[in-house]
Number of protein chains: 2
Amino acid sequence: MEDANLNRQPGDATAAASGSPATRIPRATLHDELVGGLRDLIVEGELTPGTRVPERELCTRFGVSRTPLREALKVLASEGLLALLPNRGAQVTGLTTADIDEMFPVMGALEALAGELACARITDEEIAEIRALHYNMVLQYTRRELPEYFRLNQSIHKRILEIAGNATLTRMYAGLAGRARRARYVANMTKARWDQAVEEHEAILDALAQRDGPRLARILKMHLQNKCETVKESLLAESATAPKTDR
Amino acid sequence: MEDANLNRQPGDATAAASGSPATRIPRATLHDELVGGLRDLIVEGELTPGTRVPERELCTRFGVSRTPLREALKVLASEGLLALLPNRGAQVTGLTTADIDEMFPVMGALEALAGELACARITDEEIAEIRALHYNMVLQYTRRELPEYFRLNQSIHKRILEIAGNATLTRMYAGLAGRARRARYVANMTKARWDQAVEEHEAILDALAQRDGPRLARILKMHLQNKCETVKESLLAESATAPKTDR
DNA sequence: CGATTTACTTCTGCATGCAAAATGTTATTG
DNA sequence: CAATAACATTTTGCATGCAGAAGTAAATCG
């Protein structure tokens with residue numbers, strides 16, 4: 001139906017200028033495309049927190065006019081990824097440790113709920129699926145393949161959310177996780193933290209396999225608490241090496 | 001029906017500075033004003049679910065052009081209050097019992113977290129404040145003053161959220177509560193449900209006063225479960241009397 | 001010289017314009 | 001007379017235009 005290339009009619013649609021990681025997933029509508037594309041730019045860190053969002057530049061980048069782009073900015077602002085300064089445009093919000101301290105307890109509560117719901121609904125096949133993901137993840141852990149480990153880790157959490165079968169829950173969690181992901185803490189995770197995370201994931205798998213909802217909820221809540229600490233450590237370490245202006 | 005024309009004047013639009021604690025605060029920017037105004041129209045039920053949102057009409061109503069109005073529509077769509085149909089504009093989303101079944105467990109998890117956090121932070125003065133709200137609410141209950149009861153009820157829940165001191169949590173909860181409020185179940189609440197709610201609120205006050213976080217969490221979770229049933233009953237009753245077009 | 005004022009250049013926020021799609025209405029056909 | 005076709009009208013989605021605010025560079029003054 002639509003080209004991944006977003007060329008609009010008038011003459012000036014300057015396609016991808018400098019090397020951008022690009023957005024490969026074409027959404028249904030231009031609006032969704034822009035929201036997704038911009039969100040990626042923010043999460044990937046291509047737009048620096050604290051700096052003004054270059055509206056015109058992004059227009060040429062995506063090959064659209066300001067109207068749809070600004071619509072996307074408003075949406076992202078409502079998600080908390082941007083801050084709208086009156087007469088001063090949009091600004092990427094930074095992640096402070098205070099933000100992390102707020103977000104992770106909420107994510108913990110949501111994941112705990114997801115765990116409980118999932119235990120009540122999970123099929124044997126799904127348990128097997130999670131188990132496969134888990135041991136693949138453990139494999140990457142032993143190989144010290146951080147990126148792949150991280151990807152599988154995410155998959156497991158995402159799959160539990162899906163199994164919980166609550167779209168609202170999934171959406172709320174995704175919103176928070178999207179914001180939290182900006183911290184990109186993986187790079188700074190210590191060995192001890194990594195060991196701990198894997199251990200907790202063993203317990204998660206176990207509780208799931210036994211369909212012990214309350215236990216899984218407790219484990220997940222704790223798991224998120226530890227993740228919170230990991231992210232904060234990473235954030236502090238990063239701000240120590242690269243003292244950027246945040247917010 | 002009243003006109004909500006917001007006249008804009010350049011240079012004058014800056015916020016009403018000197019901190020006046022007015023109950024009705026006009027939002028700082030036009031964008032926020034529109035988002036809030038439209039959200040009210042939806043929650044109040046003035047825009048019927050399932051029907052197309054009359055873009056042009058709303059423009060004249062609010063006295064703005066389509067650009068800022070459409071920006072607001074996109075935001076409300078991202079909140080789930082509207083659905084965007086490609087080339088067919090926006091449509092107010094209806095609340096099905098399935099939606100309710102999804103939303104209330106999430107709200108329960110969030111309120112439970114809020115209760116735990118609040119117990120750890122609440123001051124004696126705040127306990128006294130909640131107690132005052134509570135017994136005022138009970139008074140309205142004995143008077144069968146449903147609207148005022150409902151308002152105070154909301155105040156208590158909101159206050160607990162505030163005391164929890166987690167802005168992210170408050171925002172997420174507010175988003176869900178805003179959507180749920182469209183059910184306007186108050187009118188259809190049975191006496192039994194009302195009695196039960198007041199009883200549970202006694203327990204809430206008690207747990208708060210004792211700063212028993214885990215207990216408060218349990219109570220709130222249960223409280224929300226019951227609220228979920230109440231809302232669904234009301235929704236079914238309403239759809240039986242007024243069988244409108246769904247979605 | 002540093003600080004302020006002034007002139008100029010973006011940039012933001014909103015209004016308007018326009019082509020394509022959707023919708024509504026009348027005409028036509030079997 | 002139901003169904004379809006042809007046309008007119010409205011609506012949507014995006015581009016563009018424009019006044020005013022914010023930012024920037026030059027000029028003036030102490």
Side-chain angles (χ1 to χ4, degrees), chain A residues 1-15 26-38 47-48 50-78 82-92 245, chain B residues 4-15 17 26-38 47-48 50-78 82-92 245:
Chain A
M1 283 289 286
E2 287 225 348
D3 282 340
N5 194 337
L6 356 152
N7 266 346
R8 301 288 117 187
Q9 352 171 334
D12 75 335
T14 314
R27 281 87 177 179
T29 72
L30 175 60
H31 175 72
D32 292 336
E33 182 102 21
L34 283 175
V35 171
L38 287 171
L47 295 175
T48 320
T51 65
R52 186 182 285 200
V53 173
E55 216 173 80
R56 229 190 59 74
E57 183 187 316
L58 291 173
C59 284
T60 61
R61 170 109 141 345
F62 286 98
V64 301
S65 78
R66 286 178 54 222
T67 304
L69 188 105
R70 284 172 54 83
E71 287 174 359
L73 292 182
K74 306 279 184 180
V75 169
L76 293 172
S78 88
L82 299 176
L84 297 178
L85 285 58
N87 290 318
R88 217 166 297 180
Q91 191 172 309
V92 179
T245 54
Chain B
N5 196 315
L6 12 133
N7 275 338
R8 262 149 302 90
Q9 314 161 20
D12 186 297
T14 28
R27 285 87 174 179
T29 72
L30 175 62
H31 175 73
D32 292 337
E33 183 100 22
L34 282 175
V35 171
L38 287 172
L47 295 175
T48 320
T51 65
R52 184 183 286 200
V53 173
E55 215 174 81
R56 228 191 58 75
E57 184 187 315
L58 291 173
C59 284
T60 61
R61 178 114 180 257
F62 285 99
V64 300
S65 78
R66 286 177 55 222
T67 305
L69 188 106
R70 285 171 56 81
E71 287 173 359
L73 292 182
K74 305 280 185 180
V75 170
L76 292 172
S78 88
L82 298 175
L84 297 178
L85 285 58
N87 289 318
R88 215 165 301 180
Q91 190 172 309
V92 180
T245 52

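Just so you know, these numbers come straight off a predicted model, no measurement behind them. In what follows, chains carry the letters A, B, and so on, assigned in the order in which the sequence lines appear, proteins first and then strands, with residues in each chain numbered from 1.
By the salt bridge (charged side-chain N to carboxylate O under 4.0 Å, His left out) test, R56(A) pairs with no residue at all, sequence neighbours left out. Among residues two or more places apart in sequence or in another chain, the side-chain contact (heavy atoms from CB on, under 4.5 Å) test is passed with R88(A) by R52(A), L85(A).
Counting to the nearest Å, the P atom of dG13(D) and the CD atom of E55(B) are 7 Å from each other. Summarising the geometry, the separation between CG on N87(B) and C1' on dT11(D) is reported as 10 Å, rounded to the nearest angstrom. The separation between E57(A) atom CD and dT10(C) atom C1' is 14 Å, rounded to whole Å. Rounding to whole angstrom units, CZ of residue R88(A) and C1' of dC14(C) are separated by 19 Å. Protein atom CG of L58(A) is 12 Å distant from nucleotide atom P of dC11(C), rounded to whole Å. Rounded to an integer number of Å, the gap from L84(A) CG to dG13(C) P is 7 Å. Regarding Q91(A), its CD atom lies at a distance of 12 Å from the P atom of dT12(C), rounded to whole Å. In this structure, CG of L85(B) is placed 14 Å from C1' of dA21(C), rounded to the nearest angstrom.
Residues P86(A) and V53(B) each lie close to DNA chain D; by heavy-atom proximity, the contact nearer the 5' end of the strand is made by V53(B). Both G89(B) and R52(A) lie close to DNA chain D; mapped to their nearest nucleotides by heavy-atom distance, the more 5′-ward contact belongs to G89(B).
Contact record, E71(B) with K74(A): OE1-CE, 3.0 Å, taken as the closest heavy-atom pair. Closest heavy-atom contact between T48(A) and T51(A): O-OG1, 2.7 Å.
The stretch residues 66-75 of chain A touches DNA chain D through R66(A), T67(A), P68(A), each having a heavy atom under 4.0 angstrom from the strand.
Taken from OG1 in T67(B) to CZ in R70(A), the straight-line distance is 9.0 Å, to the nearest 0.5 Å. With values rounded to the nearest 0.5 angstrom, L38(B) atom CG is found 8.0 Å from L82(B) atom CG. Separating the CD atom in E55(A) from the CG atom in L58(A) is a distance of 8.5 Å, to the nearest 0.5 Å.
Between R56(A) and dT12(C) there is no side-chain N or O to OP1 or OP2 distance below 4.0 Å.
If you check dC14(C), dT12(D), dC14(D) against the side chain of L30(A), the one that comes closest is dC14(D). Residue V64(B) has its side chain nearest to dA15(C) when only dA22(D), dA22(C), dA15(C) are considered.
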